[in-house]
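To keep things clear, I will list the structure first and then write my remarks on it.
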Amino acid sequence: MNLIDLKKYCLNKKATKEDFPFDDKTLVFKVGTKMFGLTNIENEVLSVNLKCDPELSISLRNEYSAIKPGYHMNKEHWNTVILDGSIEDDKIEWLIDLSYDLVVKGLPKNQRELLKK
């Protein structure tokens, strides 16, 4: 998965926006006001930080060498997924979906209700 594919997949999710709230190289994908993905667009090897269930995070890190504790994030709830071709795109899309769903679950009820429309 390359940057264009990553952006396209993330931005296709309902009520998703892209933003650069930290600097001009850290692209953040948000649903509502909450982040579900972050990537540095200037890194030589593309990676993306994604939210994940803590128990599943441990399992994924053991299974894939390209999944690490979240860089500059809460390492219990976030993974850095290195997009070096070692993980199939459908698995990366599943991880993006999981991150998005976890963030949506944590949104205030009124924001979740708007997503259902």
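Hydrogens, waters and symmetry mates are skipped; everything else that's a heavy atom, side chains included, is used. Start at 1 with the first residue, then count along the sequence. The structure presented is a predicted model; accordingly, all values stated were derived computationally and were not measured.
Leu46 and Leu3 get closest at one heavy-atom pair: CD2-N, 3.4 Å. Summarising the geometry of Thr16 relative to Cys10, their closest heavy-atom pair is CG2-O, 3.3 Å, with the distance given to 0.1 Å. Among all heavy-atom pairs drawn from Asp53 and Leu102, the shortest one is N-CD1, 3.6 Å. The heavy-atom pair separating Val103 from Met35 by the smallest distance is CG2-O, 3.2 Å. Taking every heavy atom of both residues into account, Met1 and Asp89 meet most closely at N-OD1, 3.1 Å.
Following chains of ILVMFWY side-chain contacts shorter than 4.5 Å, one can reach Tyr64 starting from Ile92, so the two form part of one hydrophobic cluster. Residue Leu50 is not grouped with residue Leu38 when hydrophobic side chains (ILVMFWY) are merged at heavy-atom distances under 4.5 angstrom, including chains of intermediate members. Note on Leu115 and Leu98: same hydrophobic cluster, where clusters join Ile, Leu, Val, Met, Phe, Trp and Tyr whose side-chain heavy atoms are under 4.5 Å apart, directly or indirectly. There is a path of hydrophobic side-chain contacts, each under 4.5 Å, that joins Val104 to Phe29. Using a 4.5 Å cut-off between side-chain heavy atoms of Ile, Leu, Val, Met, Phe, Trp and Tyr, with links allowed through other members, Leu11 and Ile41 fall into the same hydrophobic cluster.
Checked against side chain to side chain contact (heavy atoms under 4.5 Å, CB included), Asp97 has the following partners two or more places apart in sequence or in another chain: Tyr9, Lys13.
The main-chain N or O of Val81 is never found under 3.5 Å from a side-chain atom of Ser47 such that the two would form a donor-acceptor pair. Listed for the Ser99 side chain is no donor-acceptor partner under 3.5 Å among the backbone atoms of Leu95. Between the side chain of Asn79 and the backbone N or O of Gly70 there is no donor-acceptor pair closer than 3.5 Å. Here the side chain of Asn12 pairs no donor or acceptor atom with the backbone of Lys8 at under 3.5 angstrom. With hydrogens and angles ignored, the 3.5 Å screen pairs no side-chain donor or acceptor of Arg61 with any backbone N or O of Ile67. Using a distance-only test at 3.5 Å, with no hydrogens or angles considered, no donor-acceptor pair links the side chain of Lys17 to the main chain of Lys30.
Note that the CD atom of Glu93 and the CG atom of Leu6 stand 10.0 Å from one another [nearest 0.5 Å].
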Audit row: Val28, Phe20, side-chain contact (heavy atoms from CB on, under 4.5 Å) steps and yes/no: CA-CA 6 Å; Val28 175; Phe20 288 88; over 6 Å; no
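With 3.5 Å as the limit, one finds a donor-acceptor pair spanning the side chains of Asp23 and Thr26. Defined by atom type and a distance below 3.5 Å, a donor-acceptor pair is present between the side-chain atoms of Thr80 and Asn49.
For residues 77-114, the ring-ring contact (aromatic ring centres under 6.0 Å, His included) pairs, not counting sequence neighbours, are Phe36-Tyr100.
Side-chain contact between Lys34 and Leu107: present, with at least one pair of heavy atoms (C-beta onward) separated by less than 4.5 Å.
Within 6.0 Å of NZ on Lys91 lie more than 12 heavy atoms contributed by other residues, nucleotides or ligands.
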